[in-house]
Student: 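Quick one: this structure, given as structure tokens, is what I'll be asking you about.
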Amino acid sequence: MPTRPPHYRRVADDIEAKIRSGEYAPGQQLPSVSEIGELYNVARSTAYRAVKELHARNLIYGQQGQGVFVAESE
């Protein structure tokens, strides 16, 4: 039986799909970590790891005190 990816990776993959489909446009603010946790019914720490994963994929960037935004596509 194949192992399922960790929750944070599934959340990150779903948000990445929304970015790639244009549901989240470049420059658009993403929901907060708390909101992502609520949307995906995961712990705040899991949502935070998903956001870190999206940073690592260069899909989003953070602005201190303002939130997290979708990066321009390369």
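Every value quoted in this text rests on a predicted model; they were computed, and no experiment measured them.
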Student: With side chains defined as the heavy atoms from C-beta onward, is the minimum distance between Leu39 and Val11 less than 4.5 Å?
Tutor: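 A side-chain contact is absent here, since even the closest heavy-atom pair is not under 4.5 Å.
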Student: Sequence neighbours left out, what passes ring-ring contact (aromatic ring centres under 6.0 Å, His included) with Tyr61? Give chain and number order.
Tutor: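 If we apply the ring-ring contact (aromatic ring centres under 6.0 Å, His included) test to Tyr61, skipping adjacent residues, the hits are Phe69.
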Student: Applying side-chain contact (heavy atoms from CB on, under 4.5 Å), run through Ile15 and Tyr40 and close with a yes or a no.
Tutor: CA-CA 10 Å; Ile15 294 172; Tyr40 290 93; 3.5 Å; yes
Student: Which heavy atom of His55 sits nearest a heavy atom of Gly62, and at what distance?
Tutor: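 Looking at all heavy atoms of both residues, the closest pair is CE1-N, 3.4 Å.
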Student: What pairs with Glu35 under side chain to side chain contact (heavy atoms under 4.5 Å, CB included), at least two apart in sequence or on another chain?
Tutor: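 Result, side chain to side chain contact (heavy atoms under 4.5 Å, CB included) vs Glu35: Pro31, Ser32.
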Student: Test: salt bridge (charged side-chain N to carboxylate O under 4.0 Å, His left out). Region: residues 37-53. Which pairs qualify, not counting sequence neighbours?
Tutor: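 Every pair satisfying salt bridge (charged side-chain N to carboxylate O under 4.0 Å, His left out) with a residue in residues 37-53: Glu53-Arg57.
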Student: Working to the nearest 0.5 Å, report the span between CG of Leu59 and CG of Leu54.
Tutor: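 If I round to the nearest 0.5 Å, the distance is 6.0 Å.
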Student: State, to 0.1 Å, how close Gly27 and Glu72 come at their nearest heavy-atom pair, and which atoms those are.
Tutor: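 Taking Gly27 first and Glu72 second, the nearest heavy atoms are N-OE2, 4.4 Å.
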Student: Under the side chain to side chain contact (heavy atoms under 4.5 Å, CB included) rule, collect the residues that match up with Pro6, sequence neighbours excluded.
Tutor: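 Counting only residues at least two positions away or on another chain, Pro6 forms a side chain to side chain contact (heavy atoms under 4.5 Å, CB included) with Tyr8, Arg9.
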Student: I'd like to know whether NE2 of His7 has more than 12 heavy-atom contacts from other residues, nucleotides or ligands below 6.0 angstrom.
Tutor: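 Count not over threshold, so no.
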Student: Please test Asp14 against Arg10 for salt bridge (charged side-chain N to carboxylate O under 4.0 Å, His left out), starting from the C-alpha separation and ending with a verdict.
Tutor: CA-CA 6 Å; Asp14 190 68; Arg10 288 201 319 245; over 6 Å; no
Student: With a cut-off of 6.0 Å (strictly less than), are more than 12 heavy atoms of other residues, nucleotides or ligands near OH of Tyr48?
Tutor: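 At most 12 heavy atoms, drawn from other residues, nucleotides or ligands, come within 6.0 Å of this atom.
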Student: Which heavy atom of Val51 sits nearest a heavy atom of Ile60, and at what distance?
Tutor: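 So the two residues come closest at O-CD1, 3.4 Å.
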Student: Does Arg20 have any salt bridge (charged side-chain N to carboxylate O under 4.0 Å, His left out) partners at least two apart in sequence or in another chain, and if so, which?
Tutor: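 Listed in chain order: Glu16.
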Student: Provide the closest heavy-atom pair for Ala47 versus Gly37 in the form atom of the first, atom of the second, distance.
Tutor: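 Scanning both residues, the minimum pair turns out to be CB-N, 3.7 Å.
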Student: For Ala17, what residues pass the side chain to side chain contact (heavy atoms under 4.5 Å, CB included) criterion, not counting sequence neighbours?
Tutor: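 For Ala17, no residue satisfies side chain to side chain contact (heavy atoms under 4.5 Å, CB included) once neighbours in sequence are set aside.
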